[in-house]
Amino acid sequence: MEKVVEKVAPELLSEEAERRGLLSDGQFRRRKARSAIDAAGIMVDGAHPAWTNGHITGVLLMDIRAAFPSVANGRLVNLMKVTKMDGDLIHWTASFLLERTVEMIIEGNAMERDRVEAGVPQASPVSPILFAIYTSGLIKWVEG
């Protein structure tokens with residue numbers, strides 16, 4: 001059941017983040033009708049007028065997946081509360097991030113399990129939208 005919920009949760013979180021206006025117009029991952037092709041088209045469309053006037057144009061592309069481990073889980077949950085996201089989604093997120101552990105296996109030898117105090121798991125389908133919510137203020141600041 002846990003895996004089923006983890007597949008449904010990204011859609012629910014994404015819809016709620018859209019309703020709350022948390023996501024920047026420049027964010028494309030985990031958003032309906034926004035693909036990499038859309039991102040490239042918007043970039044070229046925005047740059048074209050500058051090019052025709054002889055101006056130099058730049059773009060900042062951020063692949064922030066490697067930053068997933070840096071998510072401060074308490075801050076993410078608090079941000080969701082402050083923005084008045086749906087209480088059930090906040091509760092699910094807090095539970096999803098609670099009591100996570102990691103176990104490293106080196107040359108077939110399993111090390112002791114350690115608690116994970118921060119971060120969202122990179123292999124989870126819910127992680128991209130949680131990270132987008134977490135960084136929503138930063139992205140809007142960079143765009144501004």
Side-chain angles (χ1 to χ4, degrees), residues 1-48 50-51 55-144:
M1 182 66 161
E2 179 181 326
K3 290 297 179 186
V4 172
V5 172
E6 195 175 334
K7 290 182 190 268
V8 173
E11 187 70 27
L12 296 172
L13 284 162
S14 185
E15 289 171 4
E16 181 70 4
E18 291 282 357
R19 270 194 298 278
R20 300 284 174 205
L22 292 178
L23 305 178
S24 158
D25 287 339
Q27 286 176 289
F28 284 80
R29 178 134 178 139
R30 298 298 300 151
R31 297 182 79 180
K32 289 183 190 234
R34 290 185 181 232
S35 67
I37 293 170
D38 295 323
I42 289 170
M43 180 187 69
V44 170
D45 189 52
H48 194 266
W51 295 337
H55 295 111
I56 297 173
T57 304
V59 64
L60 173 64
L61 300 173
M62 297 178 2
D63 180 5
I64 48 184
R65 182 177 302 197
F68 280 10
S70 67
V71 171
N73 297 343
R75 184 179 177 279
L76 170 62
V77 171
N78 189 54
L79 174 65
M80 293 172 77
K81 289 177 183 175
V82 167
T83 57
K84 297 182 173 49
M85 289 187 72
D86 180 85
D88 290 334
L89 290 174
I90 295 169
H91 180 72
W92 181 88
T93 301
S95 177
F96 174 73
L97 298 173
L98 188 66
E99 297 181 17
R100 300 191 78 79
T101 60
V102 64
E103 178 181 43
M104 293 184 65
I105 300 175
I106 301 173
E107 294 183 6
N109 298 312
M111 310 305 273
E112 262 187 63
R113 284 191 172 269
D114 285 323
R115 287 182 52 119
V116 176
E117 300 294 331
V120 292
Q122 292 188 19
S124 172
V126 77
S127 295
I129 187 60
L130 289 176
F131 192 75
I133 292 168
Y134 180 74
T135 59
S136 60
L138 172 65
I139 303 254
K140 288 180 179 181
W141 179 79
V142 167
E143 290 177 340

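What you see below is based on every heavy atom in this structure, not just the backbone, and it leaves out hydrogens, waters and symmetry mates.
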May I have the step-by-step check of side chain to side chain contact (heavy atoms under 4.5 Å, CB included) for S136 and L79, ending in yes or no?
-> CA-CA 10 Å; S136 60; L79 174 65; 4.2 Å; yes
Exceeds 12 heavy-atom contacts within 6.0 angstrom, atom CD of E103 | yes
For L98, does the CG atom have more than 12 heavy-atom neighbours from other residues, nucleotides or ligands under 6.0 Å away?
-> yes
Can you find a heavy atom in the side chain of L12 that is under 4.5 Å from one in the side chain of W92?
-> no
How about M85 and L22: do any of their side-chain heavy atoms sit closer than 4.5 Å?
-> yes
Would R113 and T101 count as having a side-chain donor-acceptor pair, cut-off 3.5 Å?
-> yes
Distance in Å, [X] [atom1] paired with [Y] [atom2], rounded so as to fall on 0.5 Å steps:
{"X": "K81", "Y": "L76", "atom1": "NZ", "atom2": "CG", "value": "11.0 Å"}
{"X": "D88", "Y": "E16", "atom1": "CG", "atom2": "CD", "value": "10.0 Å"}
{"X": "L130", "Y": "M80", "atom1": "CG", "atom2": "CE", "value": "6.5 Å"}

Apply side chain to side chain contact (heavy atoms under 4.5 Å, CB included) to D114 and M104, showing your working.
-> CA-CA 9 Å; D114 285 323; M104 293 184 65; over 6 Å; no
At their closest point, which heavy atom of [X] faces which heavy atom of [Y], and how far apart are they?
{"X": "R100", "Y": "L97", "value": "CG-O, 3.5 Å"}
{"X": "V126", "Y": "A9", "value": "CG2-CB, 4.1 Å"}
{"X": "A17", "Y": "I133", "value": "CB-CG1, 4.0 Å"}
{"X": "P125", "Y": "P10", "value": "O-CG, 3.4 Å"}
{"X": "Y134", "Y": "S70", "value": "OH-O, 3.8 Å"}
{"X": "A50", "Y": "T57", "value": "CB-OG1, 3.1 Å"}

Might you work through the side chain to side chain contact (heavy atoms under 4.5 Å, CB included) test for N73 and F96, ending with a clear yes or no?
-> CA-CA 10 Å; N73 297 343; F96 174 73; over 6 Å; no
Output yes when a side-chain donor or acceptor of T93 lies under 3.5 Å from a complementary backbone atom of L89, and no otherwise.
-> yes
